[in-house]
Amino acid sequence: MKKANASLPDGLTGANVAFCQRLAQLAQESQQRWLEMGQRLASDSSGQTLAAFSPLPPTANWQDAMPAMGELARKRWQTQLEASQALTHAALQEQATLAAGVGEAMCEWFKHANGAAADNSPLAQMWSVMTKQMAAACAAMQDANQQGGRHDL
């Protein structure tokens, strides 16, 4: 069985490369934001533990440490609740940011791909109409995301 040697036009190849590079950049940015949030949550937790035990005098009686342990448990529970809410909020924001970035990348891809189909054949005209419609839809998604605003943790 022979393979077809169909090559993509240069404009479409460039559009594909730019699209893949943008997706990789979006993934790296998302990973960095999640890493920073995880580090903030971890440092808050260790700081609270140290703050709960630092005022206690050294003692051999475990009962002297129990009020601090109870307070630490209460603070940990409250922190976990707040962290859960923050993670949910961050996940929703991250999803919106990623969707907006993918929409932007798709919009750019459609613009470049439309430029690659420069002839006046019916297929090229159909492609041109479709890419313009998709670019308009992507632009509308970007506008909707920008109107929502961002909230940091």
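Predicted model, so just to flag it, every value in this text is computed and none were measured. Throughout, numbering of the chain's residues begins at 1 and tracks the sequence.
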- Query: Do other residues, nucleotides or ligands put more than 12 heavy atoms under 6.0 Å from the CD atom of Q95?
  - Reply: no

- Task: Check whether the side chains of Q32 and E36 place a donor and an acceptor atom closer than 3.5 Å, and report yes or no.
- Result: yes

- What is the distance from atom CG of L35 to atom CD of Q28, rounded to the nearest 0.5 Å? 13.0 Å

- CD of Q39 to CE of M37, rounded to nearest 0.5 Å, is 11.0 Å

- When rounded to the nearest 0.5 Å, the distance separating CD of Q93 from NE2 of H89 is 3.5 Å

- Would you say the side chains of E29 and Q25 form a donor-acceptor pair under 3.5 Å? yes

- Message: Please check: side-chain N/O of T88 versus main-chain N/O of S84, any donor-acceptor pairing under 3.5 Å?
- Response: yes

- Query: Are any of the side-chain nitrogens in E94 or R33 under 4.0 Å away from the carboxylate oxygens of its partner?
  - Reply: yes

- Query: Looking only at heavy atoms, what is the nearest atom pair of L26 and G101, with distance?
  - Reply: CD1-C, 3.3 Å

